[in-house]
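Here is how names work: the chains are called A, B, and so on, in the same order as the sequence lines, proteins then strands, and each is numbered from 1. Not measured: the values here are computed from a predicted model. Side chains are part of it too, since the values below use all heavy atoms of this structure and drop only hydrogens, waters and symmetry mates.
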There are 2 protein chains.
Amino acid sequence: MSTSLKEIASIVGVSTTTVVRALKDRPDVKEETKQRIIKVAKELGYRPNILARGLVTNRSFTVGIVVPDLTNPFFPELIKGIETTIWAKGFNAILADTDYDLVKEEAAIESLISRQVDGIVIAPIESRRDRAVYEMLQESGVPFVCMSMVQDLNTDLVIADDEAGAYAAVRHLLSLGRRRVAYMGSSLSPRADAERLSGYKKALQEAGIDFDESLVLRGDQRDVDSGQSLMNEYFASGRTCDAVLSFSDLMALGVMKAVRQRGLSIPSDVAVVGFDDIKVASAMEIPLTTVSIPKYNLGEEAANLLIRRIDQLKGKKDTDKRSPGTVTFQKIVLRPTLVVRGSCGASSKTGQ
Amino acid sequence: MSTSLKEIASIVGVSTTTVVRALKDRPDVKEETKQRIIKVAKELGYRPNILARGLVTNRSFTVGIVVPDLTNPFFPELIKGIETTIWAKGFNAILADTDYDLVKEEAAIESLISRQVDGIVIAPIESRRDRAVYEMLQESGVPFVCMSMVQDLNTDLVIADDEAGAYAAVRHLLSLGRRRVAYMGSSLSPRADAERLSGYKKALQEAGIDFDESLVLRGDQRDVDSGQSLMNEYFASGRTCDAVLSFSDLMALGVMKAVRQRGLSIPSDVAVVGFDDIKVASAMEIPLTTVSIPKYNLGEEAANLLIRRIDQLKGKKDTDKRSPGTVTFQKIVLRPTLVVRGSCGASSKTGQ
DNA sequence: TTGTACGCGTTATCAA
DNA sequence: TTGATAACGCGTACAA
């Protein structure tokens, strides 16, 4: 099919070894033959077969990216951060979307290992039964970085500071005079949810406000409708609030819809704050105040950490690959920033 | 590193051939040895090296996906459609984001070819100078499917019917009594832009309305701000309109902002219609009427077409690979649907 | 029922 | 300055 070193060699009348040297522009080839080889290679449109190369070098220059749902606006930016970073270092990305399906997640990881990826960045589903999958991955020896905590497993980790994010948001709301701040969490991300709730409580406590369990709701962060219906139920049950911090911007949009349907206005009656800072958050009629997560940077950091791991793994010649006692995992935590826009009722200059 | 057939063979005390047969559950292996082999393979966590396999079978079971910008909400759904479809057939996806950079697009394609992908799905940048890149790709012999037309090149193509989409939208607006309908196009997608403009004109003509060049604007479809500033300029120049069809939902959001800033109301003063139907379109305070493009389906169709191409290419044993005269390219056109919501002023039951 | 031998395209080692 | 040769892990004729 495609031209190989051997073909070039036979055409030019040299050995493949010489062809390799010429194409890699090594100094130890006669200039004339080098030129002849390069010329023929160009004419034939020679492209190295990276698979074959990987077979001998034991490096595929490929990393796997595993996410639960591409269409969640959170992930494309993250992936872009990863892809751009690894691309700059000569790596390609194999992408797998698990659809929040544990079976597919496991299959995806198996497939990636079979494809000899040099490493994996993975945003776990956060199922209660995902531990086994990650233990399998650890045993495989393929380095990987998680974008959220997997139960009590020790892994490399790159995450946002959820507690600090929620804390800043609630603190801000309280400083604006809000007193009944609802927390709309998500049961799909129990770890992050717990962190945020903790930040929420901390802010309340500092302001001397008692924690009120009835102000805590939980739904599905991926879904506008979830935020809306949750908020509707909340109102329907006779409860009230003057502010809502929701787990995602998508949910926050749903909250806004519900609030309006209730005939209340934003932000005067109810302040709404989201989480993530997706692109359209600023484009709403009432621009959404939100805890902005540096998604692209998270991707960058994860990619850089992973590549470091790969280098230190493949770097050492053949000193025993696993020295399980020695490994210290890294945990990189990025601070989110509160982006104040219209929906929280602050008189801000930001976010127009 | 990872266990190979050879290792298993030497442990069990048979040849690699036998191991292969056992692992593929061929009938011509003694049941007992088969079980022994399978057992050992399991214990050692054997995983076939797909790269090595590809070297001999000349099939990598990988397809490349090339898009100009992952964070444009249009693409994740498209990619998901592709990825899910090919995954079901045993393929993995290598993803490349070109950042609307022709140089990176070419590099990405080269890289994919070097990685021996079996095929490529590509959403072209639509630069004026992209032709060379695609000719290179054609010469490589790797089958590929385009998600938009590349100049006057003949390729497999899977696209939405832009003309029909725009036509339906404008027709609807006119049926609601709108008379000055602005068309906000995009200079980044000249082909689709021309198609839509044509649909726009067609609808006007049928209604007996003269085409007015001053109602046509052009900006950057990726950007909310572009829609906003374009619309601002429009108003500032003293022009008016009672409806706007914009090239993307993102742009439409910008238009809505500008209209409100102008003190006009939606939809009574100005009806706004978008294109794409991104997730949040329905979550706006005034839900956005839009021409819904079946992004996921486009991805599915592209993937299926590509896999058909791959099969028919690799299927034939070794009858000359390129019979350039014989190839007939396919063009699959999917119809978009107009989703009527609040922003166009129809009294609809849809889209709440 | 099992094994031998070769090839896929590349890199690496050693020798000339 | 150049070339044999082996090796990576797997698949497949061809034998036995």
Just by distance, with hydrogens left out, do B:Gln116 and B:Thr62 show a side-chain donor and acceptor under 3.5 Å apart? no
Is it true that the side chains of A:Glu105 and A:Tyr134 contain a donor and an acceptor less than 3.5 Å apart? yes
Measure the distance from [atom1] on [X] to [atom2] on [N] and round it to the nearest whole Å.
| X | N | atom1 | atom2 | result |
| --- | --- | --- | --- | --- |
| A:Asn58 | C:dA12 | CG | P | 12 Å |
| A:Lys30 | D:dT2 | NZ | C1' | 10 Å |
| B:Leu44 | D:dG9 | CG | P | 13 Å |
| B:Arg47 | D:dC10 | CZ | P | 12 Å |
| A:Leu51 | D:dC10 | CG | P | 13 Å |
| B:Arg26 | C:dG3 | CZ | C1' | 15 Å |
| A:Leu55 | D:dG11 | CG | P | 12 Å |
| B:Asp25 | D:dG11 | CG | C1' | 17 Å |

Can you check salt bridge (charged side-chain N to carboxylate O under 4.0 Å, His left out) on B:Arg59 and B:Asp311, steps first, answer last? CA-CA 10 Å; B:Arg59 267 170 153 281; B:Asp311 285 344; 3.0 Å; yes
Should the side chain of B:Arg21 and the base of D:dG11 be counted as holding a donor-acceptor pair, with the cut-off at 3.5 Å?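 Donor-acceptor pair under 3.5 Å: no.
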Could you tell me if the side chain of A:Ile113 sits less than 4.5 Å from the side chain of A:Met136, heavy atoms only?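 Result yes, sub-4.5 Å side-chain heavy-atom pair found.
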Counting heavy atoms from C-beta on, name the nucleotide in [options] closest to the side chain of [X].
| X | options | answer |
| --- | --- | --- |
| A:Thr18 | D:dG3, C:dT2, C:dT10 | D:dG3 |
| A:Thr33 | D:dC10, D:dG9, D:dT2 | D:dT2 |
| A:Ser15 | C:dT11, C:dG7, D:dA4 | D:dA4 |
| B:Thr17 | C:dT10, C:dA5, D:dT2 | C:dA5 |
| B:Asp28 | C:dT2, C:dT13, C:dC8 | C:dT2 |
| A:Leu5 | C:dT2, C:dT11, D:dG3 | C:dT11 |

Does [X] reach a base, just sugar-phosphate, or nothing at all? Heavy atoms under 4.0 Å.
| X | answer |
| --- | --- |
| B:Arg59 | nothing |
| A:Val29 | sugar-phosphate |
| B:Thr16 | nothing |
| B:Lys34 | nothing |

For DNA chain D, whose closest nucleotide is more 5', that of B:Asn49 or that of A:Val14?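 Of the two residues, A:Val14 wins.
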Any salt bridge linking A:Asp118 with A:Arg309? Criterion: basic side-chain nitrogen under 4.0 Å from a carboxylate oxygen. no
Whether B:Asp99 and B:Lys104 form a salt bridge (side-chain N of Lys/Arg under 4.0 Å from carboxylate O of Asp/Glu) is what I want to check.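 No, B:Lys104 and B:Asp99 are not salt-bridged.
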For D:dC10, does OP1 or OP2 lie under 4.0 Å from any side-chain N or O of B:Lys24?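 For D:dC10, OP1/OP2 do not have a side-chain N/O of B:Lys24 under 4.0 Å.
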Hey, does the side chain of A:Lys6 come within less than 4.0 Å of C:dC8's phosphate (OP1/OP2), counting only N and O? yes
